[in-house]
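Below, chain A is the first sequence line, B the second, and so on; all start at residue 1. Please read all numbers here as calculations on a predicted model, not as lab measurements.
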2 protein chains.
Amino acid sequence: MKLSANEEYGLRCLVRLAYAGFEERALTIPEISQAEGVSPAYAAKILRVLRKGGFVKAARGKEGGYTLARPAASIRIGDVIDALGGRLFESDFCDSHAGQAPICTRSVDCSVRSLWRAVQVAVDQVLSKTTLRDLLQNEEEMNSWVRTIPGANGLRLIQ
Amino acid sequence: MKLSANEEYGLRCLVRLAYAGFEERALTIPEISQAEGVSPAYAAKILRVLRKGGFVKAARGKEGGYTLARPAASIRIGDVIDALGGRLFESDFCDSHAGQAPICTRSVDCSVRSLWRAVQVAVDQVLSKTTLRDLLQNEEEMNSWVRTIPGANGLRLIQ
DNA sequence: CCTAATCTATACTTAATAGTCAAGATTACT
DNA sequence: AGTAATCTTGACTATTAAGTATAGATTAGG
């Protein structure tokens with residue numbers, strides 16, 4: 001139950017590109033890698049995932065670089081996380097040992113899986129409501145956000 | 001953002017031991033490993049972690065085996081997950097590259113980290129309210145649980 | 001058309017996690 | 001005491017994720 005490096009750095013790259021987008025400026029791999037403190041090669045690897053996920057687009061050649069492929073407000077963090085590292089649980093543990101044990105009361109469900117599902121729902125409620133736009137700390141527009149999660153140290157989510 | 005194998009199997013082992021506890025019965029490694037569909041050696045490895053975490057206790061020798069170290073109702077799932085695989089984010093990404101970048105508005109915080117913290121809070125709200133006892137599907141006592149998480153397919157949490 | 005700046009792709013290395021193996025230590029029962 | 005059933009430990013291997021290296025493809029500008 002950890003964040004992968006891909007998820008962490010990938011999301012950070014998007015935030016930078018969103019800021020650069022305010023000035024209609026593309027960022028190059030050297031710029032991004034230096035800002036994030038990772039090697040250019042690794043930044044390139046992450047950016048490829050983001051490009052294939054449709055979150056960024058690249059322009060080659062001189063004066064090239066990366067920009068967001070669409071407006072920050074239309075990029076849901078949940079979708080980004082999906083592309084970068086997958087959801088909390090994918091394998092179907094309960095099915096794989098169905099019939100062996102007295103724990104599963106229904107053939108395709110059991111208590112442990114229900115718990116993971118509850119966790120997944122809780123996570124999704126945060127991630128699917130948050131867009132890349134919400135992560136930009138832009139004082140002027142903070143008023144458009146409504147709810148503040150207690151304990152989340154100031155993060156606002158769309159209502 | 002995935003569940004580790006340790007977390008999945010470790011929690012399942014605890015559920016089995018809790019059920020066995022109803023009959024005041026200890027479970028051996030062969031029993032547990034067969035029920036969970038993992039090798040005895042791997043089950044032993046996981047059970048060691050659970051023992052060091054204080055969740056189970058072991059009796060050696062003939063007639064030995066594992067039992068819960070304390071009542072299921074006193075074992076919080078959040079603590080189990082902590083012992084088995086750690087929390088969602090540990091490293092302090094924002095501090096590690098502080099001073100380099102224009103994203104962090106405060107020296108020890110930034111938008112991405114706030115998001116992770118919000119996710120962590122959401123997860124904790126589920127995991128710290130749920131005990132091992134809550135995962136036992138015991139019809140007689142289901143009434144003592146109060147809230148049902150929508151979409152969680154029947155999981156009840158303590159109010 | 002040439003060059004420098006840029007992305008692209010694939011293969012490689014290293015580190016972390018998952019899972020196995022074998023030898024040793026403890027206990028109940030006879 | 002002896003034996004079989006059990007847990008305990010540490011080292012080992014395999015698989016996956018993280019991160020690197022290198023050669024190639026594309027483009028702007030001279």
Phosphate-side-chain proximity, A:S4 and D:dA17, N/O vs OP1/OP2 below 4.0 Å: no

Interatomic distance, A:R76 atom CZ to A:D124 atom CG [nearest 0.5 angstrom]: 10.0 Å

Test item: B:S114 and B:S111 side chains (from C-beta on) under 4.5 Å apart, heavy atoms: no

A:E63 vs A:A41, nearer the 5' end of DNA chain D by closest nucleotide: A:A41

Sugar-phosphate, base or nothing in reach of A:L27, heavy atoms under 4.0 Å: sugar-phosphate

N/O donor-acceptor pair under 3.5 Å between A:E36 side chain and A:S33 backbone: no

Check: A:Q34 side chain, A:E31 main-chain N or O, donor-acceptor pair, under 3.5 Å: no

Residue pair A:E7 / B:W116: nearest heavy atoms and the distance that separates them: O-CZ2, 4.3 Å

Toward the 5' end of DNA chain D, by each residue's nearest nucleotide, A:N6 or B:G64: B:G64

Heteroatom pairs (N/O) under 3.5 angstrom, protein to nucleotides 8-15 of chain D:
{"residue": "D:dT8", "atom": "OP1", "partner": "B:R51", "partner atom": "NE", "Å": "3.4"}
{"residue": "D:dT8", "atom": "OP2", "partner": "B:R51", "partner atom": "NE", "Å": "3.3"}
{"residue": "D:dT8", "atom": "OP2", "partner": "B:Y66", "partner atom": "OH", "Å": "2.9"}
{"residue": "D:dT9", "atom": "OP2", "partner": "B:R51", "partner atom": "NH2", "Å": "2.9"}

Closest non-hydrogen atom pair between B:A43 and B:I29, with its separation: CB-CG2, 4.4 Å

Distance in angstrom units between A:I46 CD1 and D:dG19 P, rounded: 8 Å

Side chain proximity check, A:T131 to A:I75, heavy atoms < 4.5 angstrom: no

Bounds of contact between DNA chain C and chain B, in 5' to 3' order, using a heavy-atom cut-off under 4.0 Å: C:dA18 to C:dA28

A:L136 and A:F22, any side-chain heavy atoms less than 4.5 Å apart: yes

Salt bridge (Lys or Arg N to Asp or Glu O under 4.0 Å) pairs, two or more places apart, involving residues 44-62 of chain B: none

Distance, rounded to the nearest Å, where A:K57 contributes NZ and D:dT26 contributes C1': 17 Å

A:E36 CD to D:dG19 C1', straight-line distance once rounded to whole Å: 16 Å

Separation of atom CG in B:L17 from atom P in D:dC7, rounded to whole Å: 11 Å

Whole angstrom value for the distance that separates P of D:dT16 from CG of B:L3: 17 Å

Rounded distance (Å) that lies between atom P of D:dT16 and atom CD of A:E7: 18 Å

Earlier contact from the 5' end, DNA chain C, for B:A59 and A:G61: A:G61

